[in-house]
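All values below were derived from every heavy atom in this structure, side-chain atoms included, with hydrogens, water molecules and symmetry-related copies excluded. Numbered from 1 within each chain, the chains take letters A, B, ... in sequence-line order.
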Amino acid sequence: MTMDKNFAPADIEQRIANTWDEAKAFDAGAGARDGADSFSIVIPPPNVTGSLHMGHALNNTLQDILVRRKRMQGHDVLWQPGTDHAGIATQMVVERDLALRQIQRRDLTREEFLNHVWSWKNESGGTITNQLKRLGASCDWSRERFTMDEGLSKAVLKVFVQLHREGLVYKDKRLVNWDPQFETAISDLEVENIEVDGHMWHFKYPLAGGETYEYVEKDEDGNVTLRETRDYISIATTRPETMLGDGAVAVHPSDERYAPILGKLCEIPVGPKEHRRLIPIIIDEYPDPDFGSGAVKITGAHDFNDYAVARRNHIPLYRLMDVKGAMRADGEPYALEAEKAKAILDAGGEPNKNDVDMINLVPDEYRGMDRFEARKKVIADIDAEGLMIEVEDKRIMQPFGDRSKVVIEPMLTDQWYVDAKTLAAPALASVKDGSTKFVPKNWEKTYFEWMENIEPWCVSRQLWWGHQIPAWYGPDDHIFVAEDEEVALDMAVQHYLSHEGPWKAWVEEKMNDFKPGEILTRDPDVLDTWFSSALWPFSTLGWPDETPELKRYYQTDVLVTGFDIIFFWVARMMMMGLHFMEDEHGEPVEPFHTIYIHALVRDEHGQKMSKSKGNVLDPLILIDEFGADAVRFTLAAMAAQGRDIKLSTQRIGGYRNFATKLWNAVRFAQLNGAGHLVDFHPEAVKEPVNQWVLTEASRAVAEINEALEGYRFNDAAAAAYKFTWNLFCDWYLELLKPTLNGEDGPAKDEARATMAYVIDTILALLHPFMPFITEELWSETEGAHGRENVLALSPWPTLAYENETAAADLNWVIELISQTRSVRSEMNIPPSAKLSAVLVGASDATKARLKGQSNVLQRVGRFEAITLAVTAPEGSIQQVVGEATLCLQLGDVIDLAAERARLAKEIDRLDGEIARIDKKLGNEKFTARAPEEVVAGEREKRAGYEVEKSQVQEALGRLPS
RNA sequence: GGGCGUGUAGCUCAGCGGGAGAGCACUCGCUUCACACGCGAGGGGUCACUGGUUCAAUCCCAGUCAUGCCCACCA
């Protein structure tokens with residue numbers, strides 16, 4: 001069974017995946033030593049609607065590298081996989097799907113719709129899981145979880161109920177970011193502020209009753225620059241459609257221009273003249289006197305800043321729009337389902353007595369009009385009336401829904417909130433005291449900044465797909481929060497029977513014939529998807545049940561994720577984990593001790609990859625083209641801390657070549673009968689070349705270990721690459737060839753055995769990075785000696801071998817051959833020409849080396865012979881190797897002028913080095929203040945250069961003139 | 001406005017207080033019995049700029065310029 005010349009990833013990847021499957025290699029605890037420490041990672045659950053993108057590929061490659069190494073080290077490993085139900089995204093996908101079949105969600109019952117979602121999930125939800133498998137992710141797929149699973153849903157209910165009982169979850173009416181596309185509230189984090197071209201309109205708000213005042217403007221020195229009589233106040237706005245909801249006009253207390261009209265009323269100049277509302281001119285610190293006219297209209301129900309001003313000054317809040325962002329239409333279903341009361345609350349939170357006014361808030365001609373249409377009409381109407389002062393073009397920041405991409409409308413609604421401030425305190429402390437560490441550390445600052453300024457978290461969503469909020473409303477809208485309806489009903493009955501009032505008798509009457517729906521109505525809203533994601537590190541392990549997995553794998557070890565979800569997910573896992581999980585002493589336990597934040601994979605311009613920009617590189621296409629191993633290795637090699645990855649396919653091609661190189665190295669070993677010794681002990685190796693490669697292999701093992709312990713994936717990848725290609729392939733195998741082609745005997749046996757051993761080491765070291773090809777090559781060389789059948793479950797290399805003498809010997813050999821090659825190339829000597837050489841001035845040690853390695857030197861260096869001599873022969877090209885000089889005998893071919901130039905250049909170089917060191921040593925401050933070993937080192941280097949220089953000078957002198 | 005980062009070879013990027021590195025690209029040579037997705041040899045960089053600290057700065061500090069991201073924001 002001879003191996004093919006080239007490595008064809010597509011042919012083996014599926015087969016290797018099956019091998020792992022059959023071996024149950026990724027099951028929790030697979031291959032663990034007795035009593036081994038646990039090592040666990042929870043996957044950042046991709047959206048069930050998702051398909052693998054480069055970010056996933058990077059994220060999961062890094063996790064897989066950590067996990068595979070730990071597994072090989074014999075730890076009890078769990079990599080917990082699963083997917084996220086992704087409320088909005090999934091509902092969107094399914095609605096779109098249904099639309100193709102002419103079905104609208106609103107035509108279905110909630111239950112019918114959810115059935116559609118579940119069947120969609122069952123058919124299409126596995127996509128990303130399969131794609132992760134193609135990447136080689138070694139998750140315990142038997143433990144796959146979904147945030148809407150029964151167990152995880154139970155966790156969600158428990159958490160919500162407990163937080164509510166503790167007062168950390170509550171219902172509130174306040175301004176919220178409203179997405180008119182999806183008709184739901186979203187959290188602050190789901191809003192993207194984007195700068196767009198906009199306008200700022202300046203309007204006149206006429207004073208009530210045609211009153212006038214003297215308007216005076218002054219410059220900085222107090223000189224009057226403008227004085228005129230006005231019957232209006234000038235207002236600037238970027239959102240004229242909200243004018244109908246104005247509650248006041250505010251000016252800064254220090255603004256003298258408006259002092260004459262403080263407390264007076266002005267008119268909102270929109271709608272039929274006879275019905276226009278009058279609003280007061282008030283003072284507040286908020287307006288900036290130097291911006292615009294210095295006067296701000298206050299629209300408390302449609303602007304976050306105005307909301308704060310309105311609350312402070314007890315200005316009524318007028319909600320103008322319905323759930324679709326259209327102007328409210330009388331008699332139309334404009335209210336939220338959850339919003340039973342038609343009343344707009346006033347500043348104090350009490351129902352407004354003037355409900356009627358509210359209904360008439362929007363004049364007939366605007367009712368039902370989309371907000372942007374209404375804007376046009378408001379502008380046109382005001383302009384027609386002659387009240388428009390000017391229109392400014394202006395770049396403005398506008399909020400957009402991160403999924404819907406429509407303009408977000410601040411809206412006054414009832415929503416559920418989590419008291420994030422309280423939960424954030426311990427989460428903040430854990431990072432501050434180092435219990436949980438960010439890698440790289442600088443992300444801590446981002447985390448602190450956000451956590452210290454955290455706002456209440458709006459967790460209710462007006463969707464159908466998600467965890468329905470476990471809250472029930474009584475007939476008087478009293479709220480009962482419980483894990484199920486039965487408990488809620490008990491609570492309700494108790495509540496009503498113990499409170500005197502109109503409902504007591506009613507409940508008493510119902511007691512005999514309970515029909516739950518008649519007393520209680522469940523809150524129709526669902527929870528923010530991130531609410532369940534926040535529980536992921538323990539809900540996936542079985543919490544709230546006390547499972548063995550929970551005991552063994554919580555706290556998880558490291559969370560590997562991108563910085564874009566530090567707030568969305570990491571922070572919230574910290575909050576929930578610390579609140580709900582505790583150790584045997586009752587102390588809170590963080591969900592993980594390390595948070596490794598990796599880069600974002602960007603396109604060539606450093607732009608985030610996104611479908612809308614059309615700059616997406618599809619990892620699956622890359623896997624098809626280059627193989628999963630090449631894609632993985634590229635991502636690992638580029639995952640330097642603190643810098644984004646700009647991915648190029650060329651680079652992936654380079655690492656595909658690396659895979660082929662490895663393939664051929666093993667092929668070479670196989671053709672040369674690697675692995676004949678049954679028992680291999682590095683300490684028993686006798687040949688210097690083998691001692692040397694084992695020394696170098698040990699160094700590579702140490703370097704890779706150190707890099708991976710520090711999450712320096714790029715350093716680990718580079719070390720593995722360098723050792724495999726530049727040392728093992730380029731030198732070791734080449735140096736071995738004379739022996740392998742020579743006669744059978746102990747030397748050949750040892751070469752074969754060492755070669756096999758080092759290849760095993762390389763395969764193991766590379767396995768976390770390139771699992772498919774290494775597994776395949778492992779099985780190709782199966783039976784070499786006693787070892788596991790599956791590389792994924794084989795021991796991680798622990799080689800620690802050091803032989804300095806052998807290392808020095810072989811480095812001398814390499815130096816000699818390299819120099820000779822360089823000279824050959826420079827002097828245009830054909831590579832095929834075999835040279836005779838004479839070594840002059842060799843020490844005893846060098847003589848011994850020459851003797852020991854002469855066979856190798858001749859073969860690899862292409863020498864006819866290397867002999868020892870006291871003086872250099874006439875007409876030879878000379879090169880300094882250590883203390884000796886190697887003279888290449890070329891006979892007539894030698895170009896004396898070229899050789900003289902070559903040696904002169906060498907002397908120049910050495911002179912340069914010596915001059916540089918002399919400058920240093922000549923500096924008294926250097927010799928006095930620099931550490932002794934540094935000074936000694938410089939002196940040593942200088943001496944070395946001097947010796948070399950004199951050798952080269954001698955060589956030059958020996959040339960015939 | 002606040003925070004974080006980046007400017008090193010043509011390109012993509014490592015490195016980091018004491019002799020400038022890799023991959024790709026480029027040049028030259030090679031049907032060397034594993035590999036042309038290869039082998040060997042090369043060329044190429046005032047390490048953005050200015051100042052400071054230090055015996056010594058690509059590396060530390062300050063400032064400038066350029067550039068990227070995150071958060072907040074004047075109606």
Side-chain angles (χ1 to χ4, degrees), chain A residues 3 5-7 188-189 193 200 235-239 242 250 286-288 290-299 303-306 309 394 396-397 440 442-443 445-446 448-450 453 563-564 566-567 600 602 604-608 626 630 634 637-638 640 642-648 650-651 653-672 712 714-715 718 721-722 726 729-730 733-734 737 741 817-818 821-826 828-832 859-860 862 912-913 916-917 920 923-931 934-935 937-938 941 945:
Chain A
M3 291 167 62
K5 202 163 118 182
N6 277 320
F7 165 56
D188 301 347
L189 288 175
N193 291 302
M200 193 155 78
I235 301 297
T237 180
T238 55
R239 304 200 49 205
T242 65
Y286 167 64
D288 175 358
D290 296 327
F291 186 86
S293 68
V296 185
K297 73 189 201 62
I298 301 302
T299 318
D303 182 281
F304 286 95
N305 286 311
D306 291 4
V309 177
K394 194 169 159 34
I396 53 171
M397 288 298 260
N442 52 299
W443 289 108
K445 203 151 185 174
T446 306
F448 292 152
E449 192 62 30
W450 191 68
N453 298 296
F563 59 79
D564 50 333
I566 290 178
F567 305 146
L600 243 50
R602 296 178 185 276
E604 54 195 326
H605 309 293
Q607 294 286 310
K608 220 167 162 173
F626 298 105
T634 307
M638 297 186 79
R643 192 196 273 253
D644 287 338
I645 294 175
K646 290 187 207 164
L647 196 65
S648 81
Q650 258 190 346
R651 191 86 184 252
Y655 290 117
R656 186 266 324 268
N657 296 352
F658 175 55
T660 307
K661 185 74 182 177
L662 176 68
W663 182 266
N664 277 290
V666 174
R667 180 162 170 259
F668 173 81
Q670 199 190 54
L671 292 171
N672 283 282
R712 287 180 287 109
N714 58 320
D715 288 341
Y721 180 97
K722 223 174 142 178
N726 303 122
C729 290
D730 287 350
L733 291 183
E734 292 303 321
K737 280 177 180 174
N741 290 333
I817 293 172
S818 293
R821 283 173 177 168
S822 194
V823 170
R824 294 177 95 118
S825 182
E826 226 171 310
N828 286 317
I829 300 164
S832 51
R859 270 293 306 269
V860 182
R862 304 196 146 255
E913 296 286 359
R916 190 180 52 76
I917 294 175
K920 265 192 182 179
N923 185 346
E924 274 177 37
K925 286 180 182 170
F926 172 70
T927 48
R929 298 197 201 179
V934 171
V935 179
E938 291 294 325
K941 270 191 275 179
Y945 289 134

Side chain of [X]: nearest nucleotide among [options]?
X	options	value
F567(A)	A75(B), C55(B), C70(B)	C70(B)
A930(A)	G18(B), C69(B), A25(B)	G18(B)
D715(A)	U12(B), A14(B), A75(B)	A14(B)

Looking only at heavy atoms, what is the nearest atom pair of [X] and [Y], with distance?
X	Y	value
K646(A)	M638(A)	O-CE, 3.4 Å
R239(A)	T237(A)	N-OG1, 2.9 Å
P287(A)	G294(A)	CB-O, 3.6 Å
P830(A)	R824(A)	O-NH2, 3.7 Å
L600(A)	F563(A)	CD2-CZ, 3.8 Å
N714(A)	A640(A)	ND2-CB, 3.4 Å

Expressed in angstrom and rounded to an integer, what is the separation of [X] atom [atom1] from [N] atom [atom2]?
X	N	atom1	atom2	value
D564(A)	G68(B)	CG	P	19 Å
D290(A)	A75(B)	CG	C1'	14 Å
R929(A)	A56(B)	CZ	P	8 Å
K297(A)	A75(B)	NZ	P	12 Å
I645(A)	U6(B)	CD1	C1'	15 Å
F926(A)	G18(B)	CZ	C1'	7 Å
R916(A)	G18(B)	CZ	C1'	9 Å
E826(A)	G40(B)	CD	C1'	14 Å

Report task. Return one dot-bracket line describing RNA chain B 5' to 3' (Watson-Crick or G-U wobble pairs, both distances under 3.5 Å; ( ) same strand, [ ] crossing, | another strand, . none). Result -> (((((((..((((....[..)))).(((((.......))))).....(((((..]....))))))))))))....
Touch check for [X], heavy atoms < 4.0 angstrom, all strands: base, sugar-phosphate only, or nothing?
X	answer
T238(A)	sugar-phosphate
K941(A)	base
G912(A)	nothing
E449(A)	nothing
P931(A)	base
T446(A)	nothing

Between [M] and [N] - [atom1] atom distance, rounded Å:
N	M	atom1	value
A25(B)	U6(B)	C1'	24 Å
U46(B)	G7(B)	C1'	16 Å
U31(B)	G44(B)	C1'	31 Å
C47(B)	U8(B)	C1'	4 Å
A57(B)	G38(B)	C1'	42 Å
U64(B)	C26(B)	P	42 Å
C73(B)	G5(B)	P	23 Å
G18(B)	C71(B)	C1'	42 Å

**Report entry** First encountered from the 5' end of RNA chain B, between Y721(A) and N442(A)
**Finding:**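 Closer to the 5' end of RNA chain B: N442(A).
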Query raised in the report: Want to settle it: does Y655(A) or N923(A) sit nearer the 5' end of RNA chain B, counting the closest nucleotide to each?
Result: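 Upstream on the strand: Y655(A).
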Query raised in the report: Among all residues two or more places apart in sequence or in another chain, which pass the side-chain hydrogen bond (donor to acceptor under 3.5 Å, both in side chains) test with K445(A)?
Result: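 For K445(A), no residue satisfies side-chain hydrogen bond (donor to acceptor under 3.5 Å, both in side chains) once neighbours in sequence are set aside.
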Query raised in the report: Taking only residues two or more places apart in sequence, or in another chain, which ones meet T299(A) in a side-chain hydrogen bond (donor to acceptor under 3.5 Å, both in side chains)?
Result: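 Expected list: D246(A), K297(A).
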Query - Check: Y655(A) ring centroid to Y721(A) ring centroid under 6.0 Å - result: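 Aromatic pair counts; centres sit under 6.0 Å.
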**Report entry** V934(A) and F926(A): CA distance, side-chain angles, deciding distance, side-chain contact (heavy atoms from CB on, under 4.5 Å) verdict
**Finding:** CA-CA 10 Å; V934(A) 171; F926(A) 172 70; 4.1 Å; yes
Should [X] be listed as having a side-chain N or O under 4.0 Å from OP1 or OP2 of [N]?
X	N	result
K445(A)	G2(B)	no
N193(A)	A72(B)	yes
K920(A)	C55(B)	no

Report task. Sequence neighbours left out, what passes ring-ring contact (aromatic ring centres under 6.0 Å, His included) with F567(A)? Give chain and number order. Result ->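 For F567(A), the residues satisfying ring-ring contact (aromatic ring centres under 6.0 Å, His included) (neighbours in sequence not counted) are W450(A).
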Requested in this report: Could you tell me whether the side chain of F7(A) reaches within less than 4.5 Å of the side chain of R667(A), counting heavy atoms only?
Outcome: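 Sidechains of F7(A) and R667(A): no contact.
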Report summary line: Readout for nucleotides 33-39 of chain B: B = base within 4.0 Å of protein heavy atom, S = sugar-phosphate only, - = neither; 5' to 3' it is BBBSBSS
Query raised in the report: Hey, is the main chain of E924(A) close enough, under 3.5 Å, to the side chain of T927(A) for a donor-acceptor pair?
Result: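 At least one qualifying donor-acceptor pair exists.
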Query raised in the report: What's the verdict on side-chain contact (heavy atoms from CB on, under 4.5 Å) for Q650(A) and T634(A), showing C-alpha distance, side-chain angles and the deciding distance?
Result: CA-CA 10 Å; Q650(A) 258 190 346; T634(A) 307; over 6 Å; no
N/O contacts under 3.5 Å, protein versus nucleotides 61-63 of chain B?
none

